[in-house]
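A short write-up of the structure that comes next.
Labels below follow one simple rule: chain letters A, B, ... track the order of the sequence lines, proteins then strands, and each chain is numbered from 1.
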There are 2 protein chains.
Amino acid sequence: MATRRRSPARPERGRGAILAAARSLVLEGGASTLSLRAVAARAGYSPASLYEYFESREALLAVLAAEVIGRLAARFGRVPESLAPRARLLRLGSAYLGFARENPEDYLLLFGRMASQRRAPSEPLGSGNPFGVVVACVQSGIDGGAFCPRPGFGAEEMAYGFWALAHGMARLEAEHLAGYAADFESIDRLVLEAYVTGLERGAG
Amino acid sequence: MATRRRSPARPERGRGAILAAARSLVLEGGASTLSLRAVAARAGYSPASLYEYFESREALLAVLAAEVIGRLAARFGRVPESLAPRARLLRLGSAYLGFARENPEDYLLLFGRMASQRRAPSEPLGSGNPFGVVVACVQSGIDGGAFCPRPGFGAEEMAYGFWALAHGMARLEAEHLAGYAADFESIDRLVLEAYVTGLERGAG
DNA sequence: ACCTTGTGCCGAACAGTGTTCGGTGTCAAG
DNA sequence: CTTGACACCGAACACTGTTCGGCACAAGGT
């Protein structure tokens, strides 16, 4: 008898309903303009009731962001591990950029608020962390001799550059170049290739 | 008490005073939390009076952003044109990242609101436009045989990747990695070198 | 001197935001 | 029946950007 006593014909209620309402509003108008009153109205609550389920607006958005991270991580997980480091890295980059291109509001929601949990490069990365996947891929490229590390430019730094490159293109395209007439999918790939090529041979 | 007549001893009034107040508040707490009432109080005006000088809060921030662009462009102008394309490109990148590192609030103010004026790659870039400077530098590298273009990956695309790389690192460091213990100045340089190296030889 | 015009400025208000508080009504357990 | 917890909400608070009507004063024309 672990069931709710509320009328089962009703649409979902509670946390789930609020999150669904919030997510649909984010997709419609972006995270920055999301209003708690609008969320409450769509979910069938009063504004005050949202605080029974979430500590604050920021906490609500954090839950939404965590879901987005999960979807991005799942997309990373679909890139075969059997690929050679160079090919795998390029596929990871395209997965990242494709995700941002197909879900711009989700993507911006993700990076509008999250700060890294780490405070220093020595701290470990959570397993399944998308950035950690990139680091591991670069490391395997170094181990196999494909990538050429230099003093102060090891796997973490190489992966950081790759991440920043994908991140930079994704944000520019989502925020500043919306509606810009260009084939970003192929441009992004060529740009990523250039960077990875630069990892393969040390800077002359 | 109710002394509301002009006092010539006052430091400055009008647009200049408002912009100065707004800029100091941005440096203190960031652009996103800037309140017009706080600006008005610091500049010695009522909130309503700000609208005599600026159409809206957004318009005020746009003027501030234009000033920041000018400072960034000036920094780009200090990179010698006599340098070889590779060295010049790296210096431009370091200038960009150094500016963002030294003036994070200014930098975020810049990219928090501006969308590109261009709608297609064919449209010309304004002279003095920082991105245009990068494009020109890459073009000279192509002309001199230092950089190796490919189909669909010419000067604009190469420069776009470079810009996105610098932009991505600058934003990550300003927004998500504040307080992160790492020598970003040298990491950034090594990352930029890797990308430029990738431009020099086509992707194998 | 008067009257007009214009300028610079502000108080008050409007509509919106996130958030908190005090209180309902309903339900399960004692 | 009583108790207590829980879900929920109306109203308010302290903010935000913005608009409107009007006040005080300087200049110009007559």
Side-chain angles (χ1 to χ4, degrees), chain A residues 1-26 28-65 105 108-109 112-114, chain B residues 1-26 28-65 105 108-109 112-114:
Chain A
M1 282 260 288
T3 56
R4 62 197 59 161
R5 54 223 181 259
R6 277 278 181 191
S7 88
R10 277 263 189 96
E12 198 181 4
R13 282 192 70 75
R15 263 182 85 97
I18 295 169
L19 284 170
R23 180 162 150 69
S24 70
L25 284 165
V26 164
E28 285 170 26
S32 59
T33 68
L34 181 82
S35 141
L36 286 192
R37 281 174 169 85
V39 173
R42 181 163 297 191
Y45 281 100
S46 79
S49 288
L50 299 194
Y51 288 83
E52 300 284 329
Y53 299 92
F54 300 94
E55 215 177 36
S56 66
R57 183 191 123 109
E58 210 54 34
L60 201 174
L61 286 172
V63 174
L64 249 35
E105 296 303 346
L108 292 177
L109 163 66
R113 64 210 70 264
M114 279 216 338
Chain B
M1 315 258 278
T3 75
R4 51 192 53 152
R5 68 172 73 249
R6 311 227 188 128
S7 88
R10 279 280 180 88
E12 196 184 2
R13 285 193 69 75
R15 264 181 85 97
I18 295 169
L19 283 170
R23 179 161 152 70
S24 71
L25 284 164
V26 164
E28 284 170 25
S32 59
T33 69
L34 182 81
S35 142
L36 286 191
R37 282 175 168 83
V39 173
R42 182 162 297 189
Y45 281 101
S46 81
S49 289
L50 300 195
Y51 289 82
E52 301 283 330
Y53 298 93
F54 300 95
E55 214 176 36
S56 66
R57 182 192 123 109
E58 211 53 35
L60 200 174
L61 286 171
V63 173
L64 249 35
E105 296 304 345
L108 293 177
L109 162 67
R113 63 211 71 263
M114 281 218 334

*Evaluate side chain to side chain contact (heavy atoms under 4.5 Å, CB included) for Arg57(B) paired with Leu50(B), printing each intermediate quantity in order.*
CA-CA 9 Å; Arg57(B) 182 192 123 109; Leu50(B) 300 195; over 6 Å; no
*If you look only at pairs with a residue in residues 33-54 of chain A, which of them pass as a salt bridge (Lys or Arg N to Asp or Glu O under 4.0 Å), with sequence neighbours excluded?*
Glu28(A)-Arg42(A)
*Got a sec, which residues hit salt bridge (charged side-chain N to carboxylate O under 4.0 Å, His left out) with Glu55(A), two or more places apart in sequence or on another chain?*
none
*Check step by step if side chain to side chain contact (heavy atoms under 4.5 Å, CB included) holds for Tyr53(A) and Leu60(A).*
CA-CA 9 Å; Tyr53(A) 299 92; Leu60(A) 201 174; over 6 Å; no
*Would you say dC8(D) has OP1 or OP2 under 4.0 Å from some side-chain N or O of Ser46(A)?*
no
*asked:* Any N or O donor-acceptor pair under 3.5 Å from the base of dG18(C) to the side chain of Arg37(A)?
replied: yes
_Spacing between Leu36(B) atom CG and dG16(C) atom C1', to the nearest angstrom_ = 15 Å
*asked:* Taking the cut-offs as 6.0 angstrom to the six-membered ring centre and 45 degrees off its axis, would you call Arg13(A) and Tyr45(A) a cation-pi pair?
replied: yes
*asked:* Measuring to OP1 and OP2 of dA7(D), would you say a side-chain N or O of Arg13(A) lies under 4.0 angstrom away?
replied: no
*Within the pair Tyr45(B) and dG8(C), is there a side-chain N or O less than 4.0 Å away from OP1 or OP2?*
no
*Starting at atom CG of Leu50(B), determine the distance to atom P of dC9(C), rounded to an integer number of angstrom.*
11 Å
*Please report, rounded to the nearest Å, how far the C1' atom of dT16(D) is from the CG atom of Leu25(B).*
15 Å
*Of the candidate nucleotides dC9(C), dT19(C), dA7(D), which contains the atom at the shortest distance from the side chain of Ser56(A)?*
dT19(C)
Pairs under 3.5 Å (N/O, protein and nucleotides 20-26 of chain C):
none

*Which pair of heavy atoms, one from Ala31(B) and one from Leu61(B), lies closest together, and at what distance?*
CB-CD2, 4.4 Å
_As an exercise, state the distance from OG of Ser56(A) to CG of Leu36(A), rounded to the nearest 0.5 Å._
8.5 Å
*Would you indicate what Phe54(B) reaches in the nucleic acid, counting non-hydrogen atoms under 4.0 angstrom: base, sugar-phosphate, or nothing?*
nothing
*Indicate, with a heavy-atom threshold strictly under 4.0 Å, whether Ser35(A) touches base, sugar-phosphate, or nothing.*
sugar-phosphate
_Counting the atoms with a prime plus P, OP1 and OP2 as sugar-phosphate, which does Leu34(A) contact under 4.0 Å by heavy atoms, base, sugar-phosphate, or nothing?_
sugar-phosphate
*Any idea which of dC9(D), dC9(C), dA7(D) is nearest the Ser49(A) side chain?*
dC9(D)
*Heavy atoms under 4.0 Å, any strand shown: does Leu60(A) hit a base, just sugar-phosphate, or nothing?*
nothing
